[in-house]
Amino acid sequence: MQTTIYAVLFYSAAAIFAGGLALRLWQYARTPVPLKVPTTPAPVTRAGAAFRVLREVTVFESLFKSSKWIWLFGWVFHVSLALVLLRHLRYFMEPVWPPVALLQPFGVYAGFAMVAALFALWVRRVAIARMRYISDAFDHLILLLLLALGATGLGMKFVEHTDIVLVKGFFLGLMSFEPSPLPSDPLLLAHLALAAVLMIVFPFSKLLHAPGVFFSPSRNQTDDPRERRYAPVAPDRTAVSKA
Amino acid sequence: MDRLTTEDSAERPLHPDPLECPSLAIGAMANSKPFPASAAHQTALGFPGELVENWQEKAIAKLGDLVRNNRALRFYLDGCVRCGACTDKCHYFLGTGDPNNMPVARQNLMRKVYRRHFTLSGRIAPSLVGAEDLTREVLDEWYTYFHQCSQCRRCSVYCPFGIDTAEISMAAREIMDHIGMGQKYCNEIIGKVFKVGNNLGLPPKALKATLASLEEEIEEDTGVPVRLPLDEEGADILLVTPSADFFASPHMEGLIGYAKVLHESGVSWTFSSHASEAANFGMFIGSHETMQKVAQRIADAARDLKVKRIVFGECGHAWRVAYNFLDTLAGPFDFLDRRYPVPQHICEFTHDLIRQGKLTLDKSKNDHIRLTFHDSCNVARASRMGDVPGGQFEIPRAILRASCNHYYDMDPDTIREATLCCGGGGGLLTDELMDLRIKGASPRMKALREVADEHGVTHMAAICAICKAQFSKVLPKFGFDMEAIVSVHQMVSNAIVLTGSKQDEEANEADEQAEPVPAVAVPAETAEPAQAANAQEEA
Ligand code: SF4
Ligand code: SF4
Ligand code: SF4
């Protein structure tokens with residue numbers, strides 16, 4: 001029963017995640033940028049602009065300019081999240097790719113770093129008046145959700161082990177459309193439910209900032225309006241409105 | 001200095017930190033709003049004269065239209081994670097403490113409506129994601145706080161996603177205009193541009209008289225007949241300047257500077273009475289159509305006067321529109337000489353001449369001035385000069401350093417891309433917003449106070465007409481002289497030694513006494529055709 005519920009949950013979550021994300025990205029791609037609006041000084045070549053976006057994505061350049069504390073917490077969180085996600089790939093493949101296997105030990109440290117950074121981000125959100133003022137309920141909830149996700153994950157690793165072989169079997173089964181039984185440890189079930197919720201809200205919330213940053217005109221445009229005439233194709237208003 | 005201070009006071013900085021973050025003062029600026037546009041001012045631009053009956057519906061429809069047609073707006077409304085990186089970056093927040101002046105909070109005023117109507121989460125669970133209907137209260141908040149943003153883009157520099165609150169303010173004003181809730185200052189001025197050709201409503205006749213009296217003034221000063229031509233067909237360059245340059249101070253001193261530099265270059269040039277205004281307030285009100293119409297005048301004037309190049313005078317937002325948008329809005333400009341950038345900034349023009357050694361600048365003429373430079377935000381964060389990124393910072397400074405002996409930069413966190421707005425940009429340069437303007441200027445004023453005390457700085461140069469007007473008004477409120485603000489080309493004007501001028505002859509005489517050299521022939525060529533043209537004009 002519970003295996004079926006989780007199978008259905010993950011199938012729908014994956015569908016909503018992929019479908020929603022594709023829809024949103026398609027929407028961004030279809031929406032024109034009527035004018036040149038890079039925040040200057042900006043790179044004058046396309047390669048330069050791509051490198052600027054890359055710096056934003058990897059080292060959070062602008063955030064670094066703004067405040068070293070937000071940068072530290074934000075960067076540590078995102079890098080550890082990336083490591084943790086990569087580590088989780090092992091539950092979806094057999095045999096495990098050597099690079100993923102190599103990450104295994106770091107992934108565990110990253111788990112701790114992620115939870116610590118999330119906690120710091122949340123304390124910041126609660127303790128600073130400016131942050132309280134700009135936060136809505138969801139901003140708190142999403143942090144708490146991620147914290148809970150991290151905590152349940154670490155819990156399974158260090159406190160209440162679960163049968164990881166069975167879990168892997170469940171996911172490999174899902175991928176071949178032959179679900180196998182899932183262990184019924186409460187920590188695991190909570191962890192998986194939270195993960196599914198995260199996937200479902202991703203395309204419809206601020207979490208969209210992850211892929212969205214590639215579409216930010218102030219960062220991805222080249223500064224070359226005098227060298228190359230900028231004449232975006234006039235939008236097909238009706239087609240876009242229907243989307 | 002008194003070294004016997006307690007530890008406590010020793011740690012206290014001598015000057016207040018220009019970027020010091022205030023504590024929140026909720027509602028502090030809730031009563032600051034500009035006068036609404038009258039029905040006549042609204043209809044002149046094609047907007048409804050008063051708040052339309054179904055305003056809510058129309059506003060939402062307009063918002064949807066903007067979001068569907070501008071990826072920047074769409075992503076900026078979606079992408080914010082409330083990280084808070086921008087919260088202490090707006091000069092209006094620093095100056096007022098009103099939390100709605102934190103860039104993200106300002107954005108949230110629109111974001112909450114966008115969410116309610118255009119996102120799944122906002123439709124299903126509005127309270128969870130802070131989504132709200134566009135009520136009358138929300139609309140009033142829009143009017144209040146989207147008119148407390150000078151669209152300076154400082155926040156966008158620090159946002160990890162480059163979210164630019166200016167873009168959102170523009171959209172909000174565009175929506176408000178479309179439901180009949182425009183702002184008087186901007187809309188009245190745009191009306192004048194359409195009717196008369198410039199922001200000040202200065203008719204061609206008055207303009208001509210002004211230019212003639214300036215010519216006289218320069219000739220009296222230098223003995224050289226420097227011309228300020230108007231509507232001269234076939235000139236090489238069309239010079240487009242903010243109309244404040246024609247009569248306000250220190251703008252006019254800057255204009256004299258352009259004229260002297262252009263004279264010295266030997267290139268023929270002209271103003272246009274049809275496009276006697278560089279400013280484009282269409283940007284401030286976020287109206288693509290208006291901005292396009294205003295920009296079109298310049299293209300038309302260039303075509304009519306058969307010029308080869310377009311050069312812009314000192315104006316911040318005008319340069320943004322010119323540099324980034326002109327070609328898109330009113331181009332292509334194939335009829336111009338493509339060996340020169342289209343358009344060019346007067347600073348680029350002057351800088352080139354300095355580099356080629358074609359200008360004689362006597363720095364000592366500015367020895368009574370100890371100077372700093374205010375990077376105008378639209379130039380700094382929304383344009384470029386020269387070939388390399390950051391030229392907009394280096395070129396004006398290079399010109400100033402070539403024109404005076406005493407130059408000092410302000411706190412590095414308050415200049416260049418981090419520059420603080422003057423507090424009067426973005427269509428807020430109106431008397432009823434004076435309180436906001438003074439508070440918004442305070443971070444810049446503190447930075448100026450630092451260099452004034454540390455380096456004895458007496459003057460600050462700017463390359464934006466709005467900055468100059470704003471500073472002349474607010475400087476006295478902070479204990480500075482109102483004439484402490486100068487134009488970049490005013491410094492050039494002071495220092496330049498025109499060929500064949502009184503100053504030139506004095507210098508030559510001094511040279512001759514020092515070491516006899518063959519007398520340099522005064523090149524009459526530059527002056528003569530100009531005089532001929534003058535006679536023709538009068539005939
Ligand atoms: S654009 Fe400038 S004035 Fe507007 S919110 Fe950002 S920092 Fe403030
Ligand atoms: S810096 Fe950008 S993402 Fe962060 S709160 Fe401000 S607008 Fe939002
Ligand atoms: S007036 Fe000057 S400083 Fe102020 S917004 Fe415009 S360019 Fe920026």
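To find a chain, count down the sequence lines: A is the first, B the second, and so on, and within it residues start at 1.
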Nearest-0.5 Å distance that lies between atom [atom1] in [X] and atom [atom2] in [Y]:
{"X": "B:N324", "Y": "A:Y230", "atom1": "CG", "atom2": "OH", "value": "10.5 Å"}
{"X": "B:R71", "Y": "A:Y28", "atom1": "CZ", "atom2": "OH", "value": "10.0 Å"}
{"X": "A:T31", "Y": "B:N69", "atom1": "OG1", "atom2": "CG", "value": "8.0 Å"}

Determine the option with the most heavy-atom pairs under 4.5 angstrom with chain A, choosing from [options].
{"options": "B:C21, B:A72, B:P99", "result": "B:P99"}
{"options": "B:A105, B:G391, B:P332, B:P341", "result": "B:P332"}
{"options": "B:D88, B:V81, B:T119, B:D387", "result": "B:V81"}
{"options": "B:G390, B:G130, B:S121, B:C159", "result": "B:C159"}
{"options": "B:S383, B:C80, B:C86, B:G64", "result": "B:S383"}
{"options": "B:V104, B:I163, B:V388", "result": "B:V104"}

Name the member of A:K65, A:R229, A:K206, A:H209 that forms the most heavy-atom pairs with chain B at distances under 4.5 Å.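 Among the listed options, the one with the most contacts to chain B is A:R229.
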Tell me which of these, A:V44, A:V37, A:I128, has more heavy-atom pairs under 4.5 Å with chain B than the rest.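 Highest number of pairs under 4.5 Å: A:V37.
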Mark yes when over 12 heavy atoms from residues, nucleotides or ligands other than [X] sit less than 6.0 Å from its [atom1]; otherwise mark no.
{"X": "A:W71", "atom1": "CH2", "answer": "yes"}
{"X": "B:F335", "atom1": "CZ", "answer": "yes"}
{"X": "A:F214", "atom1": "CZ", "answer": "no"}
{"X": "A:F51", "atom1": "CZ", "answer": "no"}
{"X": "A:F106", "atom1": "CZ", "answer": "no"}

So, B:R115 and A:D136, do they make that salt bridge, N to O below 4.0 Å?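 Yes.
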Can B:D78 and A:R24 be counted as an ion pair, charged N to O under 4.0 angstrom?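 Looking at A:R24 together with B:D78, the answer is yes, because their closest N to O distance falls below 4.0 Å.
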So what's closer than 4.5 Å to chain B heavy atoms on [X]: side chain, backbone, both or neither?
{"X": "A:T39", "answer": "both"}
{"X": "A:A210", "answer": "neither"}
{"X": "A:A42", "answer": "backbone"}
{"X": "A:E61", "answer": "neither"}
{"X": "A:I134", "answer": "both"}

Within the structure provided, determine whether [X] and [Y] are in side-chain contact (heavy-atom separation under 4.5 Å).
{"X": "A:R226", "Y": "B:L326", "answer": "no"}
{"X": "A:P217", "Y": "B:Y76", "answer": "yes"}
{"X": "B:L329", "Y": "A:L35", "answer": "yes"}
{"X": "A:Y133", "Y": "B:N100", "answer": "yes"}
{"X": "A:L141", "Y": "B:L128", "answer": "yes"}
{"X": "B:R153", "Y": "A:T40", "answer": "no"}
{"X": "A:R219", "Y": "B:F161", "answer": "no"}

Using heavy-atom distances under 4.5 Å, tell me whether [X] contacts chain A through its side chain, its backbone, both, or neither.
{"X": "B:R416", "answer": "neither"}
{"X": "B:V342", "answer": "backbone"}
{"X": "B:N108", "answer": "side chain"}
{"X": "B:A418", "answer": "neither"}

Give the minimum heavy-atom separation between [X] and [Y], together with the two atoms involved.
{"X": "B:R68", "Y": "A:P32", "answer": "O-CD, 3.7 Å"}
{"X": "A:L63", "Y": "B:A85", "answer": "CD1-CB, 3.5 Å"}
{"X": "B:T328", "Y": "A:P232", "answer": "CG2-CD, 4.1 Å"}
{"X": "B:R384", "Y": "A:D224", "answer": "NH2-CA, 4.2 Å"}
{"X": "A:P41", "Y": "B:P389", "answer": "CB-CB, 4.0 Å"}

Any donor and acceptor pair, going by atom type alone, linking the side chain of B:R82 with main-chain N or O of A:R125 inside 3.5 Å?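 No, the answer is negative, given that no donor and acceptor are paired below the 3.5 Å cut-off.
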Is it the case that the side chains of B:Y323 and A:D223 hold a donor-acceptor pair, with the cut-off being a distance below 3.5 Å and no angle test?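 B:Y323 and A:D223 do have a side-chain donor-acceptor pair below 3.5 Å.
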Report yes or no: do A:S218 and B:S156 form a side-chain donor-acceptor pair below 3.5 Å?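 There is no such pair between these side chains.
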B:F93 and A:R130: side chain to side chain contact (heavy atoms under 4.5 Å, CB included), yes or no, with the steps? CA-CA 11 Å; B:F93 174 68; A:R130 278 180 288 140; 3.9 Å; yes
